[in-house]
Every structure is written in C-alpha cells, then in structure tokens.
Q: 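A single structure is presented below for examination.
None of these values were measured; they are calculated from a predicted model.
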Amino acid sequence: MTKELVFPNREVKEKIWAEYGLDERSIKEAVEMLKDWLQLQPHLPKEEGSLHEARLERWLIRCKNSMERTKQSIDMYYTLKSLLPEMMSDWNIESKWFKTISKLAYYTPMPQMTPDYERVVCFGLLSNDPTDLVTEDWYRMALMTFEVRMCEDYSLRDIFIIDLAHYTLAHVIKFTLPSMKKTETCIVVYAHGTDLTEFHKQVPKESLPTEMGGCGGSIIDNWNLWLKKLETYQDWFLQHENVKSDEKKRLEGNSISSDLFGFEGSFRKLDVD
C-alpha cells in the first residue's frame, strides 16, 4: 500500500543533526551566518522568508555541516540557474515539456527512509517508446522534485536506484555525452538482475516499491503522489524563475563558471557529494 508523503518529524531531524554535531541553536546560528554571507555577494539574489531559511538549513546538512562547502554549493546552484536554462528554467507543470516527460519517465523519492536515515530515490522509464523522450527534460523534472525536498525533506544521504525495465537501445542513444556530463556525479554503482536477494540486503524492503520486491507501494502510485506535490509548488516555481545569479556583478577572482564549463558549454568538472 502506498504511503502518503510525510517528511521527517522533529525527532528524526534531531538524530540527523547529531550526526554532524548540530542542534537547534547551532543550526539557527549557521543559517544566520549564511544569510549574512549572501547579503555580501553582489551577484547572488536576495531571498527572504521561512522557506528560504529552511532551504539554507538543508543546504548545510547536505554539505555535512561544512560552511565553506555550503557557500560553494549555494553559489553553484544560482550560477547554474543562469548558465543552464535548458534544465533550470521553465519549471512549469503546465508546460508541454512537463506534461510529456511526466508520462514517459519518473523520478520518485520513496516515502519510507532507511533505518540509517537515507532517502531512496527511484527513477526510470514508464514507456518503451523513445520517440518523445528528451533527456534534458527528464533531468529538469528531477531537479524540480529535488527542489521540493530541499524545502521539506531531511535525510543524511540519498540512495539512487535506476530502473532499467523499459530501456532499449533506442533510449541509450538519447543520452548524449554533453547531457551526461551535465549530470555527472561520483557514485558507486551496483548492478542487479532478476535475483534481488543481494539488493534487499543493501536496501530495506520498506523503502522500496512493490516492483522491486518492496512494500512501499507501486512506482506509479508513488509518482502520482509526487506529481500532486509538485502541483502545490507551482506558484513557487514560477516566482523563482528569475531568482539566479547575475554574473556581471560577480566580484573579480570569484568566478566558478570557468571551472564548470569547457568547450561549447559542456561540463569539464562538477564535483557533487
């Protein structure tokens, strides 16, 4: 049975804070420091409000309580919004691209975290037909889902599961080298066939969809819940369309775009933890 989307409560948050030597007081202090730092960056947007503070808090957790890494991650995020419009703009669930890709592919964080406070994220195809599949749109939809998690979710780590059930050779050629470079990340990959015995030793069944031998509900039911969740953020997505860096105002010697992009705008380097 599919569970409703319920994000971690205060007790879970405190356990995650403890992993990085944090508590409520130190979290608030860190968030205020980040807000002050942002005000001093002429090229970065000036956001306010409780949702902005919630995102800064999760940024700190994602960067393992490293203030410097958090600043770098925030800077990179706003910079990518300026430099990668094909993935970081038109986050509109009413757009044709979204209506098309959301029927062809899914990107579904599962509702039940593992006992180690890890969030399982499953993604794959819903159709064998590659005709209308645009890989950049798939990435863009995934980023929208991640944005919601940055506002509400809490986890120590993510476990990404790629479902290859509907993949064909025709799908493979859709994934060009530039598009893959734009999402490259340092990960350890485990391959599993039809025998999922070892897989279930690595990922608890409670955190898996029924199609993978789990008890977390079907993929499509979970994806439909996430689509409804994305709908609730429609106004926020539209309001943040132009919340991005202004590279013309970036201080000299503070550039990161040259570290990201190589020839013809493809990624040369992108380190993601």
Q: Taking only Lys NZ, Arg NE, NH1 and NH2, and the carboxylate oxygens of Asp or Glu, determine whether Glu19 and Lys15 approach each other closer than 4.0 Å.
A: no

Q: Specify the closest pair of heavy atoms between Cys151 and Tyr233, including all atoms of both residues, with the distance to one decimal.
A: CB-OH, 3.4 Å

Q: How close do Asn222 and Pro111 get, counting heavy atoms only, and between which atoms?
A: OD1-CD, 3.4 Å

Q: Counting only N and O atoms by type, is there a donor-acceptor contact under 3.5 Å from the side chain of Arg119 to the main-chain atoms of Ile159?
A: no

Q: Can Lys99 and Glu94 be counted as an ion pair, charged N to O under 4.0 angstrom?
A: yes

Q: Please confirm whether Arg55 makes a cation-pi placement over Tyr77, using NZ or CZ under 6.0 Å from the six-membered ring centre and within 45° of the ring normal.
A: yes

Q: For atom NZ of Lys46, decide whether the heavy atoms of other residues, nucleotides or ligands shown that lie under 6.0 angstrom number more than 12.
A: yes

Q: Using a strict threshold of under 4.0 Å (side-chain N to carboxylate O), is an ion pair present between Arg149 and Asp158?
A: yes

Q: Are the charged groups of Arg10 and Glu14 less than 4.0 angstrom apart, N to O?
A: yes

Q: Side chains of Arg69 and Arg62: closer than 4.5 Å at any heavy-atom pair?
A: no

Q: Ile61 and Ser155: which non-hydrogen atoms are nearest, and at how many Å?
A: CG2-O, 4.0 Å

Q: For the residue pair Glu247 and Tyr78, confirm or rule out a side-chain donor-acceptor distance under 3.5 Å.
A: no

Q: Apply side-chain contact (heavy atoms from CB on, under 4.5 Å) to Lys229 and Val148, showing your working.
A: CA-CA 8 Å; Lys229 186 66 175 179; Val148 173; 3.9 Å; yes

Q: Is the closest basic N to carboxylate O distance between Arg58 and Asp153 below 4.0 Å?
A: no

Q: At their closest point, which heavy atom of Gly21 faces which heavy atom of Ser26, and how far apart are they?
A: O-OG, 4.4 Å

Q: Should we count CE of Met150 as having more than 12 external heavy atoms under 6.0 Å?
A: yes

Q: Please assess Tyr20 against Ser66 for the test side-chain contact (heavy atoms from CB on, under 4.5 Å), listing each intermediate value before the final yes or no.
A: CA-CA 9 Å; Tyr20 300 124; Ser66 167; over 6 Å; no

Q: Could you walk me through whether Trp17 and Asn65 satisfy the side-chain contact (heavy atoms from CB on, under 4.5 Å) test, starting with their C-alpha distance in whole Å, then the side-chain angles of each, then the deciding distance to 0.1 Å, before giving a yes or no?
A: CA-CA 9 Å; Trp17 292 346; Asn65 193 24; over 6 Å; no

Q: Between Ser207 and Thr114, is there a side-chain donor-acceptor contact under 3.5 Å, judged purely by atom types and distance?
A: no

Q: Does Asp137 come within less than 4.0 Å of Lys96, counting only side-chain N to carboxylate O?
A: no

Q: Classify the ring geometry of Phe237 against Trp91: parallel below 30°, tilted from 30° to 60°, perpendicular beyond 60°.
A: perpendicular

Q: Assess, by modelled atom type and distance only, whether the side chains of Asp75 and Gln41 contain a donor and an acceptor separated by less than 3.5 Å.
A: no

Q: Suppose we screen for ring-ring contact (aromatic ring centres under 6.0 Å, His included). Which residues come up paired with Tyr107, at least two apart in sequence or across chains?
A: Phe123

Q: If you take all heavy atoms of Lys81 and Glu241, which pair is closest and at what distance?
A: NZ-O, 4.3 Å

